[in-house]
Participant: 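Have a look at the structure that comes next, please.
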Amino acid sequence: MPIIDIIVFIVYLIIVLGIGFYYYRKNKSTNDYYVGGRDMSSFHVGLSVVATDVGGGFSIGLGGLGFVMGLSGSWMLFTGLIGAWLSAVFLIPKVIHKARELNFLTFPQLLKNHYGKAVALTAGLISFIGYLGFTSSQLLAGAKLAVGTFPELGLENALYIMGAVAIVYTVFGGIKAVIYTDTFQWSILMVGLIFIGIPFAYNYLGGYQTITDTLPDKLFSLTNLSWVQFINWFITIVPIWFVGMTLYQRIYACRDEKTAKKAWYIAGLFEYPIMAFMGIILGLFARVGAEQGLFAAEGFANAAQMDPEIGLPMLLKTILPVGLMGLMLSAYFSAIMSTADSCLLAASGNFTTDILGLKENNPNAMRISQIITFTVGFVAVLIASYMTSVLDLMLLSYSFMVSGLLIPVLGMLFGKKKKPLAALLSMLIGGSTTLLLSFLEIQIPFGFDPILIGIISGIIVYLIVKK
């Protein structure tokens, strides 16, 4: 890689780390560390929400979907738009005032207030495990991007470098560093995709006629997916807006209900159509490049020989001129770290507050929180080193949290009576069912995802025990 691209990338990393160290000096309590003093604006929170939700896993994963499915892969993020707006209408008004009144730092504290300690502890464990896996998926996404650009680096070394940078500024800066770096990093990603990645790839590959002649027509259709696939995405992604610890932290961080709702509407629009089509189109362009033999020098004579998720970084490496490659690499690392940092802080908050039970008035609370954040990040790197697919790991983490936590949350929001035992058993049965079916690779009728069975199991248990 030319020296100028390396310099551009290093400057980007220095800025990100600088933001983390700046807010290290500003944080005075765990209230600052985990919810930013509850005074954040809708613009910064909105960009942070979409950066966290789309981030690197979906950026690299969307590229892989575009490579395999074409434009129909964009429907995945349409479910993100639905989830964002539903939660703005039904969730935010019911939780933000209570969170401010009772000084909540985490999502399971809401469940504790409604159901009691046992439910909150179980929810904390499920959320912690889910976000630990999700953090790992983001770090793996970063490593794949780096290897696609620098094959000589190796996946393991790339993973360690990526993990070190994300962990350091998150450990020091807390949620304010995370939100402000998300804004900075998302801006870089948008500029990189809109003004660099897409136009350069389009011209390099020969324009519209060449691109459409290279691939089958189905890849340019919005109907190249089954209804089962869409339902699987819907039941996995929409509910995460009601159970995601990263999202509750940002609700708590907003200065009022109006600010939080506006942030969620902004996030939904950025997810679909903006990010959905940009990520998918670049993945589609990578497929064109593969079919044209653009990556033959790297050992890939055609698309069938490639991991779809490395097609996009290899395309960018091939087509971009000196200087712009460093900026584009920074853009994709931005997307990855904007999710990794949020998930890392969420897992840390779950462990510190919900599992360990650390009180904010503890004089060592800040230091303990930072140590736990570092430890969780280290474990996430180890998990990522044993995984191969970004999207699979990410969706499995999503599925586990959703199937375990969705039913108790719906009971809290819409139920008239508190049923702690029903909530507890539905979490245990729902989450464990999804994990068991996934790990045993049991085939579900019609090709449905195991999360559907997990959610149905949780509903049945909840209703039976409630009666």
Side-chain angles (χ1 to χ4, degrees), residues 16-52 87-88 91-110 112-113 127 131 168-186 244-264 266-267 337-338 341-354 356-374:
V16 169
L17 290 171
I19 294 173
F21 283 111
Y22 174 79
Y23 284 104
Y24 169 67
R25 299 168 64 96
K26 297 284 187 179
N27 292 329
K28 304 299 181 184
S29 67
T30 52
N31 188 64
D32 290 330
Y33 192 73
Y34 286 119
V35 294
R38 306 178 197 274
D39 193 35
M40 305 294 291
S41 70
S42 59
F43 175 75
H44 286 295
V45 173
L47 288 189
S48 178
V49 167
V50 69
T52 298
S87 63
L91 177 67
I92 289 175
K94 292 197 175 185
V95 304
I96 190 168
H97 302 293
K98 183 172 291 186
R100 295 181 73 87
E101 177 187 347
L102 300 177
N103 205 32
F104 290 158
L105 299 178
T106 70
F107 153 60
Q109 286 179 309
L110 275 169
K112 181 179 180 180
N113 179 255
S127 183
Y131 274 110
V168 167
Y169 80 78
T170 306
V171 166
F172 282 99
I175 192 69
K176 283 189 176 180
V178 167
I179 288 177
Y180 286 120
T181 52
D182 283 354
T183 302
F184 167 68
Q185 293 177 145
W186 192 250
M245 170 70 170
T246 56
L247 300 169
Y248 280 90
Q249 284 180 316
R250 280 153 181 75
I251 293 173
Y252 299 167
C254 290
R255 59 175 60 108
D256 53 36
E257 179 184 333
K258 182 179 178 181
T259 300
K261 282 185 164 183
K262 185 177 178 181
W264 259 236
I266 291 172
M337 288 203 286
S338 64
D341 57 15
S342 300
C343 295
L344 174 56
L345 199 64
S348 168
N350 284 137
F351 191 89
T352 303
T353 304
D354 304 311
L356 191 63
L358 185 69
K359 303 296 183 182
E360 188 175 355
N361 58 8
N362 187 314
N364 298 314
M366 271 285 296
R367 183 66 60 200
I368 294 172
S369 297
Q370 290 172 325
I371 292 171
I372 289 174
T373 303
F374 176 83

Participant: Identify which one of His97, Lys94, Arg100 satisfies the side-chain hydrogen bond (donor to acceptor under 3.5 Å, both in side chains) criterion when paired with Glu257.
Facilitator: His97

Participant: According to side chain to side chain donor-acceptor pair (under 3.5 Å), who are the partners of Ser348, at least two apart in sequence or on a separate chain?
Facilitator: Tyr34, Thr373

Participant: State which residues pass side chain to side chain contact (heavy atoms under 4.5 Å, CB included) with Leu247; sequence neighbours excluded, sorted by chain then number.
Facilitator: Val49, Trp241, Trp264

Participant: According to side chain to side chain contact (heavy atoms under 4.5 Å, CB included), who are the partners of Phe43, at least two apart in sequence or on a separate chain?
Facilitator: Ser41, Leu47, Thr183

Participant: Can you sort out the partners of Arg255 under salt bridge (Lys or Arg N to Asp or Glu O under 4.0 Å), two or more places apart, ordered by chain and number?
Facilitator: Asp39

Participant: Can you name the side chain to side chain donor-acceptor pair (under 3.5 Å) partners of Thr170, sequence neighbours left out?
Facilitator: none

Participant: Which heavy-atom pair separates Leu358 from Ser369 by the least distance, and what is that distance?
Facilitator: CD2-OG, 4.1 Å

Participant: In chain order, what residues pass the side chain to side chain contact (heavy atoms under 4.5 Å, CB included) check against Thr353, with sequence neighbours excluded?
Facilitator: Leu105, Thr106, Gln109

Participant: Using the test side chain to side chain contact (heavy atoms under 4.5 Å, CB included), find all partners of Ser42 that sit at least two apart in sequence or belong to another chain.
Facilitator: Thr259, Lys262, Ala263

Participant: How far apart are the closest heavy atoms of Phe107 and Met245, and which atoms are they?
Facilitator: N-SD, 3.4 Å

Participant: Locate the shortest heavy-atom distance separating Pro93 from Lys261; write the atom from each residue and the value.
Facilitator: CG-CE, 3.6 Å

Participant: Mind checking what makes side chain to side chain donor-acceptor pair (under 3.5 Å) contact with Tyr248, not counting sequence neighbours?
Facilitator: none

Participant: Please round to the nearest 0.5 Å and tell me the distance separating atom CD1 of Ile175 and atom CG of Leu345.
Facilitator: 5.0 Å

Participant: Contact between Met40 and Ser48 at the side-chain level, heavy atoms closer than 4.5 Å - yes or no?
Facilitator: no

Participant: Could you state the interatomic distance from CD1 (Ile372) to CG (Asn350), rounded to the nearest 0.5 Å?
Facilitator: 11.0 Å

Participant: Going from OG1 on Thr352 to CD on Gln370, what distance comes out if it is rounded to the nearest 0.5 angstrom?
Facilitator: 10.5 Å

Participant: So does Gly36 get a backbone contact from the side chain of Tyr252, meaning a donor-acceptor N/O pair under 3.5 Å?
Facilitator: no

Participant: Please report the shortest heavy-atom distance between Gly46 and Ala267, naming the atom on each side.
Facilitator: O-CB, 3.7 Å

Participant: For Tyr180, enumerate each residue passing the ring-ring contact (aromatic ring centres under 6.0 Å, His included) test, keeping only those at least two apart in sequence or located in another chain.
Facilitator: Tyr23, His44

Participant: Apply side-chain contact (heavy atoms from CB on, under 4.5 Å) to the pair Phe104 and Asn113, showing each step before the final yes or no.
Facilitator: CA-CA 10 Å; Phe104 290 158; Asn113 179 255; 3.9 Å; yes

Participant: Can you tell me how far the CG atom of Asp32 sits from the CZ atom of Arg38, to the nearest 0.5 Å?
Facilitator: 10.0 Å

Participant: Please name all residues satisfying ring-ring contact (aromatic ring centres under 6.0 Å, His included) with Phe351, sequence neighbours left out, ordered by chain then number.
Facilitator: Phe128

Participant: Look up atom CD1 in Ile92 and atom CG in Asp256, then write down how far apart they are to the nearest 0.5 Å.
Facilitator: 11.0 Å

Participant: Looking only at heavy atoms, what is the nearest atom pair of Tyr33 and Val171, with distance?
Facilitator: OH-O, 2.8 Å

Participant: Would you mind listing every salt bridge (charged side-chain N to carboxylate O under 4.0 Å, His left out) that reaches into residues 364-373, with sequence neighbours excluded?
Facilitator: none

